[in-house]
Amino acid sequence: MPELPEVETIRRDLTERILNKKIVQLDILLKKTVKNDSNNFRQELLGDRFTRVDRVGKLLIFELKKSNRFLLIHLKMTGQLVYCFGKKVIAGGHSDEVGVECLPNRHTRVVFGFSDKGKLYFNDMRTFGYVKLVNAQDLEIVKAKFGIEPMDKGFDLSFLKSLIKNRKTNIKAVLLNQNLIAGIGNIYVDEILFASHVLPTRGVNRLSDQELKLIVKHSKVILKKAIDNRGTTFNNYVDASGRKGNFIKFLKVYGRKGQKCKRCDGVVEKMKVAGRGTHYCAKCQK
DNA sequence: CCTTGTGTTCTCCG
DNA sequence: CCGGAGAACACAAG
């Protein structure tokens, strides 16, 4: 379940490994993963080079040198982008648990091969993820749909207040809404609200400035700490080296249903909020 | 049955 | 009846 910290980790890793290397191989193992015509897609990428890897929310954007188009990659729930050198996954890979020791594997959908023998595998068990070439104009349309990056300076109390003005929904739905705030998913939203002592079901029109301030602060602190720890591997996320993220050891509520609260003597409960499984402590979140 | 990110569709309300 | 908000559904596979 890659969210902002996981996608950012992949972006940084790939930036160090694939930039300015000629694309010499392109295998499409599952056509529906590629949202362009397969032949055009191959033809356009072969011989070109990635000059930059960007991220907006959970979406990766690869800038091309020759083509005036951009490659978008969305991992959705089970997508992985694993970079290998030769046949070996570099920097090791917890292969016993995430199954990337043998590539391509049964979940590999697209393979990018570079002139230095490096290979980038797009694996996706549930096949919700996609790769797509778009032109500059379409890229701007896509970008415009995303809300503010929560780690940006501009995301502060007054900005959050402007987002929730006249809204009637709960705070969890707002934090998950990519059109309002980009990159927070189901794991980090529960962690942010726990850290802020705020119940996910709270209506946004009833939150105090103090509570909103805490939500802004903990959004930044938790996402940063998660990036510093290379993200969270709960089910099958791996970084671009096939390694798992380390943030799971810092999770305080997500996935802890029935366990003792880490902050008080309550017990972590689980309910459905905004259509998602939601973890919280009813005793110390208000 | 459950899990989730996002786009689409439905429904409600003023 | 329109627009917008928010909820519900669709998608997939283990």
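Below, each value reflects all heavy atoms present in this structure, side chains not excepted, and no hydrogens, waters or symmetry copies. Each chain gets a letter, A, B and so on, in the order the sequences are listed, and its residues count up from 1.
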Original post:
Does the A/Asn170 side chain pair with the main chain of A/Ala173, one donor and one acceptor, at a distance under 3.5 Å?
Top reply: yes
**OP:** Give the rounded distance in Å between these two atoms: CG of A/Leu30 and C1' of C/dC11.
**Re:** 14 Å
Subject >> Atom pair distance, as rounded to whole Å: NZ in A/Lys172 and P in C/dA7 >> reply: 13 Å
Original post:
For A/Asn179 and B/dG5, what is the distance between atoms CG and C1' respectively, to the nearest whole Å?
Top reply: 12 Å
Original post:
Are OP1 or OP2 of C/dA12 and a side-chain N or O of A/Thr78 less than 4.0 angstrom apart?
Top reply: no
**OP:** Would you please confirm or rule out a distance under 4.0 Å between OP1 or OP2 of B/dG5 and any side-chain N or O of A/His74?
**Re:** no
**OP:** Ignoring backbone atoms, test whether A/Arg126 places a side-chain nitrogen or oxygen under 4.0 Å from the OP1 or OP2 oxygen of C/dC11.
**Re:** no
Subject >> Nucleotide B/dG5, atom C1' - distance to CG of A/Leu75 in whole Å >> reply: 11 Å
Original post:
A/Tyr130 has an atom OH; how far is it from atom C1' of C/dA12, in whole Å?
Top reply: 16 Å
Original post:
Between A/Asp54 and A/Arg52, is the closest basic N to carboxylate O distance under 4.0 Å?
Top reply: yes
Original post:
Distance check: side-chain N/O of A/Lys58 vs OP1/OP2 of B/dT6, anything under 4.0 Å?
Top reply: yes
Original post:
Starting at CG of A/Asn177 and ending at P of B/dG7, how long is that distance when rounded to a whole Å?
Top reply: 11 Å
Original post:
Does OP1 or OP2 of B/dT6 have a side-chain N or O of A/Lys145 closer than 4.0 Å?
Top reply: no
**OP:** Could you work out which one of B/dT3, C/dA5, C/dG14 sits closest to the side chain of A/Met125?
**Re:** C/dG14
Original post:
Within the pair A/Lys270 and B/dT3, is there a side-chain N or O less than 4.0 Å away from OP1 or OP2?
Top reply: yes
**OP:** Could you work out which one of C/dC11, B/dT3, C/dG6 sits closest to the side chain of A/Phe128?
**Re:** C/dC11
Subject >> A/Gln178 CD to B/dG7 P, straight-line distance once rounded to whole Å >> reply: 9 Å
Original post:
Should the heavy atoms of other residues, nucleotides or ligands under 6.0 Å from NZ of A/Lys65 be counted, would the total exceed 12?
Top reply: no
Subject >> Distance in angstrom units between A/Leu180 CG and B/dG5 C1', rounded >> reply: 15 Å
Original post:
To the side chain of A/Thr127, which of C/dA13, C/dA7, B/dT6 is closest?
Top reply: C/dA13
Original post:
Mind checking what makes salt bridge (Lys or Arg N to Asp or Glu O under 4.0 Å) contact with A/Arg12, not counting sequence neighbours?
Top reply: A/Glu8
Original post:
Considering heavy-atom distances to DNA chain C, does A/Asn166 or A/Arg276 have its closest nucleotide positioned more toward the 5' end?
Top reply: A/Asn166
**OP:** Enumerate the residue pairs fulfilling salt bridge (Lys or Arg N to Asp or Glu O under 4.0 Å) with a member in residues 203-216 of chain A, sequence neighbours excluded, ordered by first and then second residue.
**Re:** A/Lys161-A/Asp209, A/Arg202-A/Glu211
